[in-house]
Every structure is written in C-alpha cells, then in structure tokens.
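Okay, structure first, notes after.
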Amino acid sequence: MNIDPRNTAGASIEAYDLLQQHQRAQQQPGSLSAQTSSPAHPSTDQLIFNLQLSELRPIHQTSAAALTDSGIGSPSTMTKGNQRARAIQKNERCPAPSFIRGRAELAASLAGANIEALKKEIRLAEQRSAQWPRTSGSSAGSVDSRSVLNDVMASSYLRLHRFQNEAIDCEPRLDEDVSAIAHVRSLADLRCHASPNVSKAAICSDNEREDEIDMARLAAWHTQGLTDSAFVSLSQDPSRLLLSKDDSEHGAKAIAENAKALHIYTVPSVTAWPTGKIKDILERGRAPGDKELLDWVREIPTEETEVLFLGGNLDDYRTAVIDPNPYRADAPENARSIKKARVSSDATPR
C-alpha cells in the first residue's frame, strides 16, 4: 500500500472531523448518515483506522536546508532520534573523534579485542559517525582513524615477547579453554559483589570464579616457578633475559639463547599481570603466607620486565614472529625444550 506523505497534518484533521460527523449522525435516527451500510458513508472502524494511519505517517525532510544539513545528499526520513539529537546544544554534542576513540577503548577493556578486531571496531565507528548530521561536528575526512588506533594501542595495550620453539608454547597448563576476558569479567563481578571479608577467603578455593587475591597468589607462585596455572609468562624487553645470572639448563638466559623464534604479542592491558599489579593486590591479602609472597614479589628487581598473561587464548593476540631468534647463541639441530625458569633476586623474567 502506497502512502502519500503530503499534507499529513491536514489528513489527520480531516479524518478526525469525519469521525466526529459520523458519530453525531449515528445519534440522529432519521438521518441518512445513520445508514452505515451505504458505501458513501464509511464505517466508524474505517474512520478510526484512517485516523490512526495518518498519525503513523513519517515526517519527511522537504526543505533544501534540511537536505544540506543531512550531509547525505538525498532525501531521508527524520526519525524522532534524529530530532532529539538536533535539539542537543552544540557544545554538548559528542565529537566524532571522541566517539570513535571511546568505542575503541571499550573494545579493548570490555571485549578484550585483539588488534584486528580493534581495527574493525574503529572502522565501524568511523562509518557510523560519517552518517551524523554535519551540525554534530562530524564530516567526511575529519577523523584520523590511524591516530586513534595508535593512541588506543599506546594507552590500552602492551607489546610483549616470548621465546618459543613451537607456536603452541604460548598455552598455559591450566584453563586452556578459558579466554582472558572471561577471567577479567569474572574478577570484576567478584569485586562488584565482594563482601567486606573477601580478603580472608580461603586460598585458591574450588570456586570456579577465584577471588582476585587468589589469582594474585597464583601469579606470585608462577614467578617462583610453579607454572601449573592459567598464566603464561612474557617479557616486555626480551634482551633482559640475556643478562640473567641464572645459568641453569632451564634458566632465563638458556631460554633466550636456545629458543627457535621470538614471538610478539599485543594484548589488552586489562588482561596482563605485571609485577606491580600482583604486588598491589597481595597487599590486601590476610591469609597465611601472603606476607611471604608479597616480600618475594617486592624483591623482584625493578629492571625485570616480566608480565603474566591470564587466560588460554594468548595465541589470538600474536602480532609477529621473529624467526630465527635474533638472540640465539647457536643453531643446534635439536634445540632444548623451553621450560619456565625460576625467578631469583638476580634473575630476569622468563
């Protein structure tokens, strides 16, 4: 059914007048209008329908100025949302760059997006803002999406390195099927509903959603070499491993000098556990052994750049592979397998 959008207000009034006349005619028994079966006089239901139909007709832009403001170049229907947006004061409107950057930051912090997903989100936000009326401060070419990407990567992501023989060497020994963002959301939910005595919770309970302090304990133990956890150890500066005084077979220096390749990962900061984060959480702990663990983490040299990744999907964040390993001391036919090294006060991270 085609609906003529012209004279919408007039059509509404005309339908309403016809409905009133019809109802008055029905109250006069001798009137010809009472003969509702006559095709010249539509029924009350038909008139009500016409009235409702006229009220549902959209408001169309017809002026040249409105078409110019739309920035689209063709007639378009003004929705109530667009009308409300235009009513917002200019100084209160969200600029397109702020909108795109905000969407990108949410993709990193809430969705745990890898770099490709982050780029896609920025493109989608850019496309959406390009459809805004120009009066909202958005116009084609006004947003530098590459600059937004670089800024968000610098503020919300960490570039980490890991020496590996095989690609699968980035998998944790526990929780291989749990994503990093699932851990983050679980911990956030626990913080939201935590009771005042949550810091006194039993160490590493069987609850599927571990307390954040429990996870910090596991992270601290991981730095001591107890690697049966959901963490994977990486380094912000891989060259620091070469300075390690741990000359054991599976020490940090041996790892750096014997691995086949150096893998590079770019992960959301929210999924990473640097030493400072572990220390800050352990300071809230009150369970037996927490003080000793805290003292251990505090003694890790500041020049160490170890960062733990929490979750089994580290592979999703791999951004480069340097093969062969530029730090390799030699090229034996059968390189030794890489294992987690134990941290000491004078050792660098694995």
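The structure presented is a predicted model; accordingly, all values stated were derived computationally and were not measured. Below, all heavy atoms of this structure are taken into account, side chains as well, without hydrogens, waters or symmetry copies.
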My understanding is that only residues two or more places apart in sequence, or in another chain, count here; which of them pass side-chain hydrogen bond (donor to acceptor under 3.5 Å, both in side chains) with [X]?
X: S179; answer: none
X: E121; answer: R103
X: R318; answer: H263, Y265, D315
X: S145; answer: none

Report yes if the side chains of [X] and [Y] come closer than 4.5 Å at any heavy-atom pair, otherwise no.
X: N258; Y: N325; value: no
X: R162; Y: L262; value: no
X: L234; Y: L308; value: no
X: S155; Y: R101; value: yes
X: L282; Y: V297; value: yes
X: T266; Y: L158; value: no
X: Y327; Y: S239; value: yes
X: R159; Y: M153; value: no

Transitive ILVMFWY cluster of [X] at side-chain heavy atoms under 4.5 Å: who else is in it?
X: L124; answer: none
X: I181; answer: V184, V270
X: V178; answer: none

* Check side chain to side chain contact (heavy atoms under 4.5 Å, CB included) between R298 and all other residues, then give those that pass, not counting sequence neighbours. => K279, E283, L294, D295
* Using side chain to side chain contact (heavy atoms under 4.5 Å, CB included) as the criterion, list what pairs up with N150, not counting sequence neighbours. => R146
Heavy-atom donor-acceptor pair, [X] side chain to [Y] backbone, under 3.5 Å:
X: S129; Y: A125; value: yes
X: S269; Y: S156; value: yes
X: Q164; Y: E166; value: yes
X: D175; Y: S229; value: no
X: D290; Y: A287; value: yes

* To do: Dump the intermediate steps for salt bridge (charged side-chain N to carboxylate O under 4.0 Å, His left out) on D323 and K260, then the final yes or no.
  => CA-CA 7 Å; D323 188 5; K260 293 179 181 179; over 6 Å; no
Going by atom types alone, do [X] and [Y] pair a side-chain donor with an acceptor below 3.5 Å?
X: T223; Y: W296; answer: yes
X: S233; Y: E306; answer: yes
X: T305; Y: S235; answer: yes

* Any pair with a residue in residues 266-295 that passes ring-ring contact (aromatic ring centres under 6.0 Å, His included), sequence neighbours left out, goes on the list, sorted by first then second residue, please. => F231-W273
* Asked: Going hydrophobic residue to hydrophobic residue with side-chain gaps under 4.5 angstrom, can you get from L174 over to I278?
  -> no
* To do: Indicate if L242 and I322 have the same hydrophobic cluster label, given that clusters are the connected sets of ILVMFWY residues with side-chain heavy-atom separations under 4.5 angstrom.
  => yes
* Asked: Between Q224 and L293, does a side-chain contact (heavy atoms from CB on, under 4.5 Å) hold up when you go through it step by step?
  -> CA-CA 10 Å; Q224 292 180 331; L293 278 177; 4.1 Å; yes
So how far is it from [X] [atom1] to [Y] [atom2], rounded to the nearest 0.5 Å?
X: R123; Y: K119; atom1: CZ; atom2: NZ; value: 8.0 Å
X: T319; Y: I264; atom1: OG1; atom2: CD1; value: 6.0 Å
X: L314; Y: I168; atom1: CG; atom2: CD1; value: 13.0 Å
X: R284; Y: E212; atom1: CZ; atom2: CD; value: 5.0 Å
X: L160; Y: C170; atom1: CG; atom2: SG; value: 12.5 Å

* Output, in order, the C-alpha distance, side-chain angles, deciding distance and verdict of side-chain contact (heavy atoms from CB on, under 4.5 Å) for R128 and F99. => CA-CA 10 Å; R128 174 165 294 184; F99 170 75; 4.0 Å; yes
Determine all donor-acceptor pairs shorter than 3.5 Å in which one atom belongs to a side chain in residues 107-116; sequence neighbours excluded.
| from | atom 1 | to | atom 2 | distance (Å) |
| --- | --- | --- | --- | --- |
| S109 | OG | E105 | O | 3.0 |
| N114 | OD1 | E116 | N | 3.3 |
| N114 | OD1 | A117 | N | 2.8 |
| N114 | ND2 | D316 | O | 3.3 |

Do you know the tightest heavy-atom contact between [X] and [Y]?
X: L118; Y: A104; answer: CD1-O, 3.5 Å
X: V267; Y: A272; answer: CG2-CB, 4.4 Å
X: P172; Y: G311; answer: CG-O, 3.6 Å

* Salt-bridge test for D280 and K277: reply yes if a basic N is under 4.0 Å from a carboxylate O, no otherwise. => no
* Would you please name every residue forming a ring pair (Phe, Tyr, Trp, His ring centres under 6.0 Å) with Y157, sequence neighbours left out? => none
